[in-house]
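Here's the structure we're looking at; comments come further down.
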Amino acid sequence: MSREKNKVLLKRLKGKNTISFLFEKGKNMHSAHLSFKVVQEEKEDCFYAGVSVPKRNFKLAVDRNRIKRQLREALKQNEMSLSFTGCGMLLYKSKKHLPTSVLVAETASIFEQLNTKKDN
């Protein structure tokens, strides 16, 4: 399996210390239904990503798990547009269920915002 030159490998975000560092020092990007905390690092060769759905908005675990699966799929579909490394957490802030296509589009717009900020 060969990697392209511009492609950044997407991995799962793990570790209590890493996640707490992300929420303390990370920059926040917003879209209509998503929030994205990110710390960009040049020394890494991959992007560590996590997803989160608040229990306050969705009481049933099956609902939260479904939205988490949708968010992971949105990250995988937009993996090719990643041109930065580091770690990030995708947070769901809507109070209603959304189709996966909407989440994919919003994730793509957040990645475009990050790419343009990186170039400036």
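Quick caveat: nothing in here was measured; it's all calculated off a predicted structure.
Of the possible polar contacts, one joining the N115 side chain to the S81 backbone as a donor-acceptor pair under 3.5 Å is found. Of the possible donor and acceptor atoms, none in the side chain of R64 sits under 3.5 Å from a partner among the backbone N and O of V53. At distances below 3.5 Å, at least one donor-acceptor pair connects side-chain atoms of N78 with backbone N or O atoms of V104.
Looking at H30 and I110, their side chains never come closer than 4.5 Å, going by heavy atoms from C-beta outward. Counting only heavy atoms from C-beta outward, the side chains of L34 and L71 approach each other to under 4.5 Å. A 4.5 Å side-chain heavy-atom check between K27 and V39 finds every atom pair outside the cut-off. Side chains of N28 and S35 form a contact here, defined as non-hydrogen atoms less than 4.5 Å apart. Taking the side chain as every heavy atom from C-beta outward, F23 and L91 approach each other to under 4.5 Å.
Among L90, D63, V51, the one residue that satisfies the side chain to side chain contact (heavy atoms under 4.5 Å, CB included) test with K68 is V51.
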>> Would Y92 and L98 count as a side-chain contact (heavy atoms from CB on, under 4.5 Å) here? Give the steps.
In response: CA-CA 10 Å; Y92 192 81; L98 295 173; 3.5 Å; yes
>> Run F47 and V38 through side-chain contact (heavy atoms from CB on, under 4.5 Å) and show every step you take.
In response: CA-CA 10 Å; F47 186 76; V38 64; 4.1 Å; yes
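Summarising the geometry, atom NZ belonging to K76 is positioned 8.0 Å from atom CZ belonging to R72; distances are rounded to the nearest 0.5 Å. Taking NZ from K93 and OG from S31, the interatomic distance works out to 6.0 Å, rounded to the nearest 0.5 Å. Rounding to the nearest 0.5 angstrom, the gap separating the CD atom in E41 from the SG atom in C46 is 10.0 Å. The distance from atom NE2 of H97 to atom CZ of F58, rounded to the nearest 0.5 Å, is 5.0 Å. Between atom CG of residue L10 and atom CE of residue M80 there is a gap of 12.0 Å, rounded to the nearest 0.5 Å. How far NZ of K11 is from OH of Y48: 4.5 Å, rounded to the nearest 0.5 Å.
A side-chain donor-acceptor contact under 3.5 Å links T100 and Q70. Remark: the T85 side chain and the D45 side chain contain no N/O donor-acceptor pair separated by less than 3.5 Å.
A continuous path of ILVMFWY side-chain contacts below 4.5 Å connects M29 to L103, so both sit in one hydrophobic cluster. Linking ILVMFWY residues whenever their side-chain heavy atoms come closer than 4.5 Å, directly or via other members, places L114 and L75 in the same cluster. L13 and L82 end up in different hydrophobic clusters when Ile, Leu, Val, Met, Phe, Trp and Tyr side chains are linked at under 4.5 Å.
A perpendicular orientation is assigned to the rings of F111 and F36, their planes being inclined by more than 60° (bins at 30° and 60°).
Nearest heavy atom pair, residue A74 against residue T107, reads CB-OG1, 3.6 Å.
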